[in-house]
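Accompanying notes for the structure given below.
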Amino acid sequence: MESPFKSFGREVSALLCKAYGSLGLDAEPVVETPPDPSMGDSASPCFNLAKLARKSPVALASGIANAIRGMERDTVYRVEAAGPYVNFFINEERVVEMTMDAISKEGDRYGVLPPTGNKVILEHTSANPNGPFHVGRARNPIIGDTLVRIFRKAGNEVDAQFYVDDMGKQVAILAWGVNNLKPGDITAVEREKHDHKLVVYYQKANALMGEDEKVKAEIHDLLRRTEECEPEALDYVTSVYTGVLEGMVESMERMNVRVDSFIPESNVVKDGSTARVIEALQKSGYAEKEPDSKAWGVDMAQFGVTGRSTKFYFVRSDGTSLYATRDIAYHLWKSEHCDRMVNVLGEDHRLEAKQVAECLKLVGAGKLPEVVFYSFVSLPEGKMSTRRGRVVFLDDLLDEAVGRAYDEVKARRGDELSEDEMRRIAESVGIGAVRYNIVKVQPEKAITFKWEEALAFDGQTAPFIQYSHARCASILRKAKEAGALSKPDSGKLFHPSEIDLVKSLAKLPDVIGEAAETCKPHAVATYAYEVAANLNVFYRDCQVIGSGEFEGARLSLIGAAKAVLANTLDTLGIDAIETM
RNA sequence: GGGCUCGUGGUGUAGCUUGGAUAUCACCGAGGCCUCCGGAGCCUCAGACCGGGGUUCGAAUCCCCGCGAGCCCGCCA
């Protein structure tokens with residue numbers, strides 16, 4: 001069923017078109033949201049009509065409003081001319097009825113859109129499995145997983161894919177290090193997780209490679225063998241990186257991030273698709289061979305790329321493929337297995353993504369990926385750098401957040417909750433705070449990591465939203481204990497705070513749909529806060545339990561708000577807890 | 001040198017796609033609110049569209065020129 005605001009929006013446009021017609025105005029109506037709710041739910045400015053009709057916008061507005069007042073209406077309750085604007089007020093009774101009805105029918109599934117029949121392959125994280133996540137890299141799984149959840153709620157079948165770079169330099173260095181260095185060569189780490197224990201081998205091997213020609217030669221030999229997909233070489237690196245990957249998966253799982261498929265890069269070499277991509281590019285007419293070399297490239301200048309070098313190579317002088325070549329093959333494969341491709345990439349991949357996209361066109365791909373780029377997270381003292389030891393590991397951030405959440409719960413409710421309950425709540429609150437803090441900001445904005453912001457539990461944060469949800473749960477529990485028998489009656493909802501809350505609940509399906517359409521996870525984060533804030537205002541203004549004839553309606557409203565908060569939090573991958 | 005992205009109160013941030021009325025919200029700061037369903041809450045006050053041009057009746061929003069920050073310009077990934 002269509003959401004109240006969608007119906008309203010369509011009706012407003014239709015009414016305006018009819019009014020324009022009856023007044024002989026040949027123009028496309030403009031509809032916008034007024035700055036203040038007291039001015040209505042939608043508005044149409046009449047400035048652009050002034051020239052056309054040779055009348056003042058003020059006169060036009062009142063003429064249009066008068067014309068519309070005579071028309072039959074459904075969700076549009078009131079039409080008013082206010083200066084040069086025509087303001088439309090939604091029929092609040094209908095909004096309440098439609099929304100409460102939908103929520104009571106659909107329950108937890110309210111906000112889940114009907115199936116689109118589309119399959120979406122959403123690639124995210126795809127980090128080199130050579131060490132633990134730091135908070136910069138953590139932006140990828142959080143944005144990615146939130147998008148996965150958004151797309152699922154928007155009615156799509158989604159495959160969340162992690163493209164594992166098993167042929168690259170990073171894993172080769174790691175593998176060499178693990179197999180050639182002794183524990184005495186490296187500095188010990190406290191954490192038992194494999195990604196933390198193994199990354200030090202990578203770091204040491206990386207350093208040695210720069211000093212020792214023999215090491216460099218051995219690593220390059222290994223790299224050459226993995227690039228040729230020599231089975232022993234691939235097994236060799238795989239046996240090492242799986243340990244790191246396990247550690248990374250563990251961190252992701254702790255954050256409620258789940259990947260459906262791990263696709264090793266070597267797949268697209270083994271199955272011959274990379275070779276086919278190379279051939280297709282060579283025949284495309286846009287590629288050229290380097291003289292006296294097997295190397296091939298496409299000059300990207302013809303596609304608007306500028307800079308010191310515009311040449312994009314897809315075959316090396318020794319005839320082997322490059323990372324981007326294989327990435328094209330991978331994307332070609334994806335394009336044949338889904339209706340929509342979405343990638344979450346760091347901003348450093350912008351040029352590569354452009355090169356891949358242009359080449360996909362050249363080889364006749366049916367569709368191109370939609371890419372969400374995110375900017376990097378830096379520290380107040382500068383760029384994050386693993387080499388210089390200037391990093392904050394994700395695991396440390398999660399531990400710290402959960403620890404602080406634990407202190408908070410213990411201080412508030414230490415005497416009524418069991419140790420186990422407090423631990424569970426702390427985990428949900430701490431993890432939620434971290435996820436929300438990262439996802440609430442537009443991906444393309446750079447973030448400077450500050451502990452006090454990452455660990456904030458009040459204001460626009462996950463704990464605030466979780467708290468609102470728990471508050472609903474608490475009221476419903478209390479009502480049940482008190483044996484509240486009041487019948488739901490949405491006709492009894494008319495306090496302004498009740499209406500505001502219902503209006504925000506009504507938006508959920510639109511918010512999900514729009515977030516999926518525009519790939520904007522932060523829109524859901526903003527919405528979650530809006531609902532929670534409206535809930536708290538309602539809570540302040542309206543007594544629920546013991547409110548007599550209003551009790552039934554208000555209990556339903558609390559139930560509806562709880563369902564929306566739970567569903568919205570779930571979309572953000574944050575636990576909707578019953579108590580905290 | 002060239003390109004891409006970003007720039008909104010002290011700090012962080014929404015709005016920018018599709019120009020429109022008084023620019024959203026949070027943190028910090030100042031002041032206030034529990035005999036009442038959970039104070040991780042609520043209320044009041046203070047404070048911002050990087051600069052300059054242009055388009056327009058109208059620009060945070062579109063265009064151009066600057067400035068500042070990030071990222072990229074490898075037969076690496």
Side-chain angles (χ1 to χ4, degrees), chain A residues 30-36 39 43-48 50-51 57 82-85 87 128 165 167-171 223 265 290 293-297 300 304-324 326-327 346-352 354 373 375-376 378 383 405 408-409 412-413 429 433 437 440-442 444-448 450 452-453 456-468 470-479 482 518 522-523 526 529-530 532-533 536-537 539-547 554 558 579-580:
Chain A
V30 178
V31 180
E32 62 185 46
T33 306
D36 191 290
M39 301 169 179
S44 182
C46 299
F47 304 101
N48 53 338
K51 274 196 292 285
Y85 293 88
N87 291 342
N128 279 310
D165 178 17
M167 306 179 67
K169 206 195 261 176
Q170 321 295 328
V171 284
L223 188 56
E265 188 180 341
E290 286 299 302
S293 160
K294 289 184 188 166
W296 280 76
M300 285 287 155
V305 173
T306 58
R308 288 193 190 94
S309 165
T310 57
K311 191 105 178 213
F312 164 64
Y313 286 93
F314 59 93
V315 183
R316 288 201 187 94
S317 53
D318 64 357
T320 57
S321 65
L322 289 98
Y323 169 82
R326 293 166 232 140
D327 205 17
E347 61 175 338
D348 54 334
H349 278 66
R350 276 193 135 103
L351 178 60
E352 198 251 358
K354 164 87 173 154
F373 292 104
S375 295
F376 290 131
S378 59
K383 248 177 99 166
E408 292 286 328
V409 197
R412 289 160 210 265
R413 309 192 57 200
V429 170
N437 192 251
K440 76 175 174 184
V441 181
Q442 282 184 13
E444 54 270 23
K445 295 219 182 186
I447 295 179
T448 303
K450 295 187 191 89
E452 64 271 29
E453 283 171 17
F457 291 162
D458 44 37
Q460 193 181 347
T461 63
F464 171 81
I465 301 162
Q466 289 171 310
Y467 180 79
S468 305
R471 195 174 232 179
C472 291
S474 168
I475 293 173
L476 293 174
R477 266 196 309 271
K478 205 143 278 180
T518 57
H522 79 282
T526 306
Y529 179 78
E530 178 193 319
N536 281 319
V537 171
Y539 174 84
R540 176 198 68 201
D541 292 341
C542 303
Q543 180 74 27
V544 178
I545 294 170
S547 59
R554 289 178 178 171
I558 290 280
T579 183
M580 63 190 278

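A, B, ... follow the sequence lines: proteins, then strands. Residue 1 opens every chain.
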- Task: Kindly indicate whether the side chain of Glu290(A), heavy atoms from C-beta on, has any atom under 4.5 Å from the side chain of Ser317(A).
- Result: no

- Task: Indicate, with a heavy-atom threshold strictly under 4.0 Å, whether Glu352(A) touches base, sugar-phosphate, or nothing.
- Result: base

- Message: Rounding to an integer number of Å, can you tell me how far Lys383(A) NZ sits from rA69(B) P?
- Response: 15 Å

- Are the ring of Tyr85(A) and the six-membered base ring of rA21(B) within the stacking cut-offs of under 5.5 Å and under 30°? yes

- Taking any strand in view, what nucleotide pairs with rG12(B) in a Watson-Crick or G-U wobble way, both distances under 3.5 Å? rC25(B)

- Just call it for Phe373(A): base, sugar-phosphate, or nothing, with non-hydrogen atoms closer than 4.0 Å on any strand. nothing

- Note on the structure: On a heavy-atom basis, the closest approach of Cys46(A) and Pro57(A) is CB-O, 3.7 Å

- Message: Strictly below 4.0 Å: does Lys450(A) bring a side-chain N or O up to OP1 or OP2 of rU11(B)?
- Response: no

- Just call it for Cys542(A): base, sugar-phosphate, or nothing, with non-hydrogen atoms closer than 4.0 Å on any strand. base

- Query: In whole Å, what separates the C1' atom of rC72(B) from that of rG29(B)?
  - Reply: 41 Å

- Message: Can you measure Lys445(A) atom NZ to rG68(B) atom P for me and round it to whole angstrom units?
- Response: 20 Å

- Work out which heavy atom in Val30(A) is nearest to a heavy atom in Pro45(A); give both atom names and the distance. O-CD, 3.6 Å

- Could you measure between the two C1' atoms, the one in rA59(B) and the one in rG54(B), and give it in whole Å? 11 Å

- What's the shortest heavy-atom distance between Thr579(A) and Arg413(A), and which atoms? OG1-NH1, 2.5 Å

- Report which part of the nucleic acid Gly459(A) touches: base, sugar-phosphate, or nothing (heavy-atom distance under 4.0 Å, all strands). sugar-phosphate

- For the side chain of Gln543(A), starting at C-beta, report the closest nucleotide among rC37(B), rG38(B), rU13(B). rC37(B)

- Message: Rounding to an integer number of angstrom, what distance separates rA23(B) and rG66(B) when you compare their P atoms?
- Response: 32 Å

- Query: Taking the same atom, C1', in rG47(B) and in rU35(B), what whole-Å distance lies between them?
  - Reply: 38 Å

- Task: Check every strand shown and say whether Asn48(A) touches a base, only sugar-phosphate, or nothing at a heavy-atom separation below 4.0 Å.
- Result: base

- Message: Does Ala50(A) reach a base, just sugar-phosphate, or nothing at all? Heavy atoms under 4.0 Å.
- Response: nothing

- Message: Can you identify which nucleotide, out of rC25(B), rG2(B), rC71(B), has its nearest atom closest to the Phe376(A) side chain?
- Response: rC71(B)

- Query: Between Val409(A) and Val429(A), is any pair of side-chain heavy atoms under 4.5 Å apart?
  - Reply: no

- Message: Any donor-acceptor pair, under 3.5 Å, between the side chain of Asn87(A) and the base of rA21(B), if you only look at N and O atoms?
- Response: yes

- Start at the 5' end of RNA chain B and walk down; is the nucleotide closest to Glu453(A) or to Cys46(A) reached first? Glu453(A)

- Message: If I pick the C1' atom on rG7(B) and the same atom on rU61(B), what distance separates them, to the nearest angstrom?
- Response: 14 Å

- Message: If you go through the side-chain atoms of Thr579(A), does one of them form a donor-acceptor pair with the base of rG38(B) closer than 3.5 Å?
- Response: yes

- Considering every strand shown, what is the Watson-Crick or G-U wobble mate of rC36(B) when both distances are under 3.5 Å? none

- Task: Compare side-chain N and O positions of Lys478(A) against OP1 and OP2 of rG38(B) and report whether any pair is under 4.0 Å apart.
- Result: yes

- Item | Any Tyr539(A) side-chain N or O less than 4.0 Å from OP1/OP2 of rC36(B) | no

- According to the Watson-Crick and G-U wobble definitions, with both distances under 3.5 Å, which nucleotide is paired to rG20(B)? rC57(B)

- Closest heavy-atom contact between Phe457(A) and Glu408(A)? CD1-CG, 3.8 Å

- Item | No-H, no-angle donor-acceptor pair, Arg471(A) side chain to rG41(B) base, under 3.5 Å | no

- Task: Tell me what Ala523(A) touches on the nucleic acid: a base, only sugar-phosphate, or nothing, going by heavy atoms under 4.0 Å.
- Result: nothing

- Task: Could you tell me whether the phosphate oxygens of rC73(B), OP1 or OP2, come under 4.0 Å of any side-chain nitrogen or oxygen in His349(A)?
- Result: no

- Query: The side chain of Ala82(A) lies closest to which of these nucleotides: rA77(B), rA21(B), rU5(B)?
  - Reply: rA21(B)

- Does any N or O donor sit under 3.5 Å from an N or O acceptor when you compare the side chain of Ser474(A) with the base of rG38(B)? yes

- Query: Is the shortest heavy-atom distance from the side chain of Tyr85(A) to the side chain of Phe47(A) under 4.5 Å?
  - Reply: yes

- Task: Specify whether Tyr529(A) and Phe464(A) have parallel, tilted or perpendicular ring planes, treating 30° as the upper limit for parallel and 60° as the lower limit for perpendicular.
- Result: tilted

- Message: From C-beta outward on Val544(A), which listed nucleotide comes closest to its side chain: rG15(B), rG2(B), rC37(B)?
- Response: rC37(B)

- Provide, to the nearest angstrom, the distance between the CD atom belonging to Gln442(A) and the C1' atom belonging to rC25(B). 14 Å

- Message: Quiz question: by atom type and distance under 3.5 Å, do the side chains of Tyr323(A) and Glu265(A) form a donor-acceptor pair?
- Response: no

- Closest-nucleotide ordering on RNA chain B, the 5'-leading residue of Ser309(A) and Pro35(A): Pro35(A)

- Query: Which part of the nucleic acid does Ser375(A) contact within heavy-atom distance under 4.0 Å: base, sugar-phosphate only, or nothing?
  - Reply: nothing

- Using whole Å, report how far CD of Glu265(A) lies from C1' of rC76(B). 12 Å

- Task: Check whether more than 12 heavy atoms from other residues, nucleotides or ligands sit under 6.0 Å from atom NZ of Lys294(A), and answer yes or no.
- Result: no

- Any Arg540(A) side-chain N or O less than 4.0 Å from OP1/OP2 of rC36(B): no

- Message: Counting the atoms with a prime plus P, OP1 and OP2 as sugar-phosphate, which does Val315(A) contact under 4.0 Å by heavy atoms, base, sugar-phosphate, or nothing?
- Response: nothing

- Task: Write down the distance separating the P atoms in rC43(B) and rC34(B), rounded off to the nearest Å.
- Result: 15 Å

- Query: Is the aromatic ring centre of Tyr313(A) closer than 5.5 Å to the centre of the six-membered base ring of rG74(B), with the two planes inclined by less than 30°?
  - Reply: no

- Task: Give the nucleotide from the list rC71(B), rC16(B), rC6(B) with an atom nearest to the side chain of Glu347(A).
- Result: rC71(B)

- Item | Interatomic distance where CG belongs to Asp327(A) and P belongs to rC75(B) [whole Å] | 17 Å

- Using the P atoms only, state how far rA60(B) lies from rC49(B), rounded to an integer number of Å. 10 Å

- Closest nucleotide among rG74(B), rG3(B), rG20(B) to the Lys169(A) side chain: rG74(B)

- Message: Applying a 4.0 Å non-hydrogen cut-off, can you work out what Met167(A) is touching in the nucleic acid: base, sugar-phosphate, or nothing?
- Response: nothing

- Task: Name the nucleic acid region contacted by Phe47(A), choosing base, sugar-phosphate or nothing; use a 4.0 angstrom heavy-atom cut-off, strictly under.
- Result: base

- Query: Phosphate oxygens OP1/OP2 of rA77(B): is one of them under 4.0 Å from a side-chain N or O of Arg326(A)?
  - Reply: yes

- Task: For nucleotides rG9(B) and rU5(B), find the distance between their C1' atoms and express it as a whole number of Å.
- Result: 24 Å

- Message: Base, sugar-phosphate or nothing for Tyr467(A)? Non-hydrogen atoms, less than 4.0 Å.
- Response: base

- Message: Looking at Gln460(A), I'd like to know whether one of its side-chain N or O atoms comes within less than 4.0 Å of OP1 or OP2 on rU13(B).
- Response: no

- Atom-to-atom span, CD1 of Ile475(A) to P of rG39(B) - whole angstrom: 9 Å

- Note on the structure: When rounded to whole Å, the CG to P distance for the pair Asn437(A) and rC27(B) reads 14 Å

- Once you apply the 3.5 Å cut-off to both distances, tell me the Watson-Crick or G-U wobble partner of rA69(B), or none. rU5(B)

